[in-house]
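Computed from heavy atoms alone, side chains included, the values below leave out hydrogens, waters and symmetry copies.
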2 protein chains.
Amino acid sequence: MTRAEAAGLPDDDAPKMPDRLRRRASRQLSQLTARSDRLINEGLARVDARKWHYAVLASLQDFGPGSQAALSGRTGIYRSDMVGVLNELAERDLVERAPDPDDRRRNIITISTQGRRHLHRLDKVLDDLHDELLAPLSPAERDQFVQLLTRLLDHHTRAS
Amino acid sequence: MTRAEAAGLPDDDAPKMPDRLRRRASRQLSQLTARSDRLINEGLARVDARKWHYAVLASLQDFGPGSQAALSGRTGIYRSDMVGVLNELAERDLVERAPDPDDRRRNIITISTQGRRHLHRLDKVLDDLHDELLAPLSPAERDQFVQLLTRLLDHHTRAS
DNA sequence: GTACATCGTTAGTCTCACTAACGCAACGGG
DNA sequence: CCCGTTGCGTTAGTGAGACTAACGATGTAC
């Protein structure tokens, strides 16, 4: 069901959204992100994963084991939410959560062999999903798009 | 407080986010949209408005009065959420909500003079906020960005 | 040793996007 | 003229994301 139909509009009639609304970058971002999130979430759900899983596994693979707080810093996931993510990953035996003998406040998280395998699969799944997401753009345009996003994001992250 | 600090990371240490994570368009979209939404919401809150207010007022101004369902179609706001938005707008005397004599199921929503004035102010506020949002981009790049967003959005909206 | 910071954890807030179901009114066909 | 269907406004609720506050346990610095 399309959004227009869900909103109660006959789909043969044009939505007639005002231009000044349609053209606002903030609105476009919201809408596209909603689509993108749904696409990614559904795609990952098909392989029993969520996007946070990918973030944590990738961080472990690329930078090695770490405490939950360290993972939080690497991935941008709040440490309050990290708990649940690690529970899910541990349930699936994708990571090991072991107390740090040197600092008994910490847990040290390690990626397992299954975790590595799963991550590899997720990478491929995400490649496909991004292909779908960016379908209308040529390779050059995709680079351009990612580059523009990167610059905007850097700007708003640095200056906080 | 920066996100890194909130997540519990010492801010002199680089976040070390894995590249494969940082480069994913879906993630960039999510993060940028989070920033954008906050920027817009805070900016609009300063003039006692929300972004849905703008959407409804603009739709009324550009296409004239309509039922709640029609507005829902024009703005993309679900009709379940429209109720609350119209309550807020009516409280502020920015719109009139009157029963349709020809079809007693309908309410006809009309923008008031104050509503027009308010919309005009919101337009200026939003211009400023988008200037801030897109600050790092040149005018040409902003157009490019909006155009890429438009194409992506069209693609994912048409095909549903 | 006492004050302070950090770690994992629990709980809760707020906003978005979205679904389900309600009572009511209107329309269309037998 | 009744009757099923559809559309309307409304209420309630879901699930996820982003975020805050505060806890007890532990470590660090003065």
Query raised in the report: Does R105(B) get its side chain close enough to the base of dG7(D), under 3.5 Å, for a donor-acceptor pair?
Result: yes
Query raised in the report: Hey, is the side chain of D103(B) pairing donor to acceptor with the base of dC8(D) inside 3.5 Å?
Result: no
Query raised in the report: Taking all non-hydrogen atoms of both residues, which atom of A55(B) and which atom of T75(B) are closest, and how far apart?
Result: O-CG2, 3.5 Å
**Report entry** Sugar-phosphate only, base, or nothing, as touched by D37(A) at under 4.0 Å among non-hydrogen atoms
**Finding:** nothing
What's the closest nucleotide to the side chain of [X] if the choices are [options]?
X       : options                   : value
N41(B)  : dA21(C), dA22(D), dT15(C) : dT15(C)
V83(B)  : dT10(D), dC7(C), dA18(D)  : dT10(D)
R104(A) : dC7(C), dG27(D), dA17(C)  : dG27(D)
S30(B)  : dA18(D), dA17(C), dT9(C)  : dA18(D)
Y78(B)  : dA17(C), dG17(D), dT10(D) : dA17(C)
W52(B)  : dG8(C), dA17(C), dC19(D)  : dA17(C)
S80(A)  : dT20(D), dT11(D), dC18(C) : dT20(D)

Could you give the [atom1]-to-[atom2] distance, from [X] to [N], as a whole number of Å?
X      : N       : atom1 : atom2 : value
L86(A) : dC7(C)  : CG    : P     : 15 Å
L39(B) : dC19(D) : CG    : P     : 13 Å
K51(A) : dG17(D) : NZ    : C1'   : 7 Å
D81(B) : dG13(D) : CG    : P     : 15 Å
R50(B) : dA17(C) : CZ    : P     : 12 Å
R79(A) : dG8(C)  : CZ    : P     : 8 Å
L29(B) : dG17(D) : CG    : C1'   : 15 Å
L32(B) : dA18(D) : CG    : C1'   : 15 Å

Query raised in the report: In terms of hydrophobic clustering (I, L, V, M, F, W, Y; side-chain heavy atoms under 4.5 Å; direct or indirect links), are V146(B) and L39(B) co-clustered?
Result: no
Query raised in the report: Can you find a side chain N or O atom of R97(B) that sits less than 4.0 Å from OP1 or OP2 on dG9(D)?
Result: no
Query - Short side-chain N/O contact from N107(A) to OP1 or OP2 of dT9(C), under 4.0 Å - result: yes
Query - Exam field: side chain S67(B) to backbone I108(B), donor-acceptor pair closer than 3.5 Å - result: no
**Report entry** Chi angles and distances behind the side chain to side chain contact (heavy atoms under 4.5 Å, CB included) call for N41(B), D37(B)
**Finding:** CA-CA 6 Å; N41(B) 287 335; D37(B) 280 354; 4.3 Å; yes
Report task. Could you say whether D102(B) or G66(A) is positioned toward the 5' end of DNA chain C, judged by the nucleotide with the nearest heavy atom to each? Result -> G66(A)
Query raised in the report: Going by an N to O cut-off under 4.0 Å, is there a salt bridge joining R20(B) and D127(A)?
Result: no
Query - Residue pair T157(A) / R35(B), side-chain heavy-atom distance below 4.5 Å - result: yes
